[in-house]
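Input: a single structure, listed below in structure tokens.
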Protein chains: 2
Amino acid sequence: MPDLQQVRKGSTPILILSVLADGKKHGYAIMRELEARSQGYFSMTAALLYPTLHQMEQDGLVQSTWEEGNGVRKRKVYSITAAGGERLAAGSMEWRQFAEQLFHILGKPAAIRGEQ
Amino acid sequence: MPDLQQVRKGSTPILILSVLADGKKHGYAIMRELEARSQGYFSMTAALLYPTLHQMEQDGLVQSTWEEGNGVRKRKVYSITAAGGERLAAGSMEWRQFAEQLFHILGKPAAIRGEQ
DNA sequence: GTATTATATATAACTTCCTTATATATTTCA
DNA sequence: TGAAATATATAAGGAAGTTATATATAATAC
């Protein structure tokens, strides 16, 4: 993994929770939604997404049901749990704290200095 | 590793480079400096710092010389290289981009909205 | 004077997260 | 009919971080 692609490490679960907070979705749709919301920046691969969802379900952050329908492929629909909501709130604060501290060390960017 | 301590992943080299950009320092001093500048938030352990420094030296981002002196323990002093400076600049931009995208998804914090 | 703490560097074993590669199957479009 | 998009999944391997351990000197406390 090239050094410059290290920045996203650890953000996968909170990104998923954030998308699911707006309504339940199946895995593939979560991927597309993240890509759409970030103009392609967060392009998650299936090999990262699905194992992560499995782990999150095991941790009680999300729950799933299989959905079958008229001319549509069978798919597993995920929704956020109460514990997932709490994790999302706590995780958001953690990330904000981290960003504050990081940019305090690196020098605050214009946006954080309020010069947007 | 608890989930909430995942946020710092990948930030180690750039934090080190950022400290060394202000002048050369030995490993232990880098650790203390990071802790001081972040009011204890970035409390790096020796087992993370030293292997990282070794890797960074191998990558040409820092260079080191052993320093011995009057009543002081022998220590390895690191300084940032030209390549390290470039990496610091590029890495800072990467982190800013990431933060922008992440908080766009999570909802911007007060500081980024300019309400500090 | 001896013990503890702080300073200082280092490696080994292990876990976690991510990547690359591969597999399978359905639906839509050219 | 063949390719691309949709949809889920696992295996193998690499990179980053944690916990544990080792070693050694200098400063401070008792």
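Within every chain, numbering begins at 1; the chains are lettered A, B, ... in the order of the sequence lines, protein sequences first and strands thereafter. Values reported hereafter were calculated over all heavy atoms of this structure, with side chains retained and with hydrogens, waters and symmetry mates removed.
When rounded to the nearest whole Å, the span between CE of M44(B) and P of dT19(D) equals 14 Å. In this entry the distance linking CG of L53(B) with P of dA8(C) reads 14 Å, nearest Å. One can place CD of E35(A) at 12 Å from P of dA5(D), the figure rounded to the nearest angstrom. For L48(A) and dG14(D), the CG to C1' distance is 15 Å, given to the nearest whole Å. Computed from coordinates, the L34(B) CG to dG17(D) P distance equals 13 Å when rounded to whole Å. Rounding to whole angstrom units, CD of residue E67(B) and P of dT25(D) are separated by 18 Å. The interatomic distance linking F42(A) (CZ) with dT19(C) (P) rounds to 12 Å, in whole Å.
The distance from the CD1 atom of I14(B) to the CG atom of L102(A) is 7.0 Å, given to the nearest 0.5 Å. For the atom pair NE2 (H26(B)) and CG (L53(B)), the distance works out to 11.5 Å, reported to the nearest 0.5 Å.
In terms of phosphate contacts, T12(A) brings a side-chain nitrogen or oxygen within less than 4.0 Å of OP1 or OP2 of dC18(C).
The number of heavy-atom neighbours closer than 6.0 Å to NZ of K76(A), taken from other residues, nucleotides and ligands shown, is above 12.
Residues passing the salt bridge (charged side-chain N to carboxylate O under 4.0 Å, His left out) test with E86(A), sequence neighbours excluded: none. Take R37(A) and apply the salt bridge (charged side-chain N to carboxylate O under 4.0 Å, His left out) test, not counting sequence neighbours, and it matches D22(A), E33(A).
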Restricting both atoms to N or O, compile the protein contacts to nucleotides 6-9 of chain D shorter than 3.5 Å, with distance only.
residue, atom, partner, partner atom, Å
dT6(D), OP2, Y28(A), OH, 3.3
dA7(D), OP1, R75(A), NH1, 2.5
dA7(D), OP2, H26(A), NE2, 3.2
dA7(D), OP2, R32(A), NH2, 3.4
dA7(D), N3, R73(A), NH1, 2.7
dT8(D), OP1, K76(A), N, 2.9
dT8(D), OP1, K76(A), O, 3.3
dT8(D), OP2, G27(A), N, 3.4
dT8(D), OP2, Y28(A), N, 2.7
dT8(D), OP2, Y50(A), OH, 2.8
dA9(D), OP1, K76(A), NZ, 2.9
dA9(D), OP2, H54(A), NE2, 3.0

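Among the atoms of the strands shown, none is found under 4.0 Å from any heavy atom of T52(A).
In this structure, E67(B) pairs ionically with R75(B), as a charged nitrogen and a carboxylate oxygen lie closer than 4.0 Å.
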